[in-house]
Colleague: 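Here it is, the structure, as structure tokens.
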Amino acid sequence: MPLPLFLSRRAEIPTARKVVLVCRGGRRSGRAAAALIEDGRKNVFVLDGGMLSWEASDLLEAMD
């Protein structure tokens, strides 16, 4: 979901569940997390470095 849309709809994100945010490089997901935390959310996490970092770690694997 694009960041502007996420920010305008963040009230729809469940509050009783953990939320993991991921983007390409980590910057936009960090901004989204900051907005949720500012709203008082607790269980908010960001994949450090985003998908680029995940790919570089060789943990991303295609499944058939």
Side-chain angles (χ1 to χ4, degrees):
M1 175 184 297
L3 181 60
L5 180 59
F6 177 88
L7 293 174
S8 70
R9 296 180 63 183
R10 67 184 185 251
E12 298 173 31
I13 306 298
T15 58
R17 298 178 66 180
K18 292 180 182 178
V19 176
V20 179
L21 301 159
V22 181
C23 68
R24 182 173 182 269
R27 185 177 215 171
R28 285 167 293 178
S29 56
R31 288 182 58 201
L36 290 176
I37 291 167
E38 186 177 296
D39 290 346
R41 307 295 179 92
K42 300 290 184 203
N43 291 316
V44 178
F45 304 90
V46 175
L47 179 64
D48 287 336
M51 292 303 295
L52 293 175
S53 181
W54 191 12
E55 279 184 326
S57 70
D58 289 328
L59 294 173
L60 186 60
E61 189 173 311
M63 304 285 290
D64 286 330

Colleague: Give me the atom names and distance for the closest heavy-atom approach of Val46 to Gly26.
Modeller: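 Heavy atoms of Val46 and Gly26 come nearest at CG1-O, 4.3 Å.
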Colleague: Please examine the side chains of Leu52 and Arg24, heavy atoms only from C-beta on, and report whether any two atoms are closer than 4.5 Å.
Modeller: yes
Colleague: Passes side chain to side chain contact (heavy atoms under 4.5 Å, CB included), Thr15 versus Arg41? Steps please.
Modeller: CA-CA 7 Å; Thr15 58; Arg41 307 295 179 92; 3.5 Å; yes
Colleague: Testing Arg31, Met1, Arg28 one by one against Cys23 for a side-chain contact (heavy atoms from CB on, under 4.5 Å), which residue passes?
Modeller: Arg28
Colleague: Hydrophobic clusters here meaning ILVMFWY residues chained together by side-chain heavy-atom distances under 4.5 Å, can you tell me if Val19 and Trp54 are in one?
Modeller: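 No, separate clusters.
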Colleague: What do the steps show when you test Phe6 against Leu21 for side chain to side chain contact (heavy atoms under 4.5 Å, CB included), and what is the final call?
Modeller: CA-CA 11 Å; Phe6 177 88; Leu21 301 159; 4.0 Å; yes
Colleague: What is the distance from atom CG of Asn43 to atom CG of Leu36, rounded to the nearest 0.5 Å?
Modeller: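 Going from the CG atom of Asn43 to the CG atom of Leu36 covers 11.5 Å.
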Colleague: Under the 3.5 angstrom rule, does the side chain of Ser8 hit a backbone N or O of Leu5 as a donor-acceptor pair?
Modeller: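 Such a contact is found between Ser8 side chain and Leu5 backbone.
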Colleague: Please determine whether residues Ile13 and Val20 belong to a single hydrophobic cluster, defined as Ile, Leu, Val, Met, Phe, Trp and Tyr linked transitively by side-chain heavy-atom distances below 4.5 Å.
Modeller: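 Unlinked, Ile13 and Val20 end up in two clusters.
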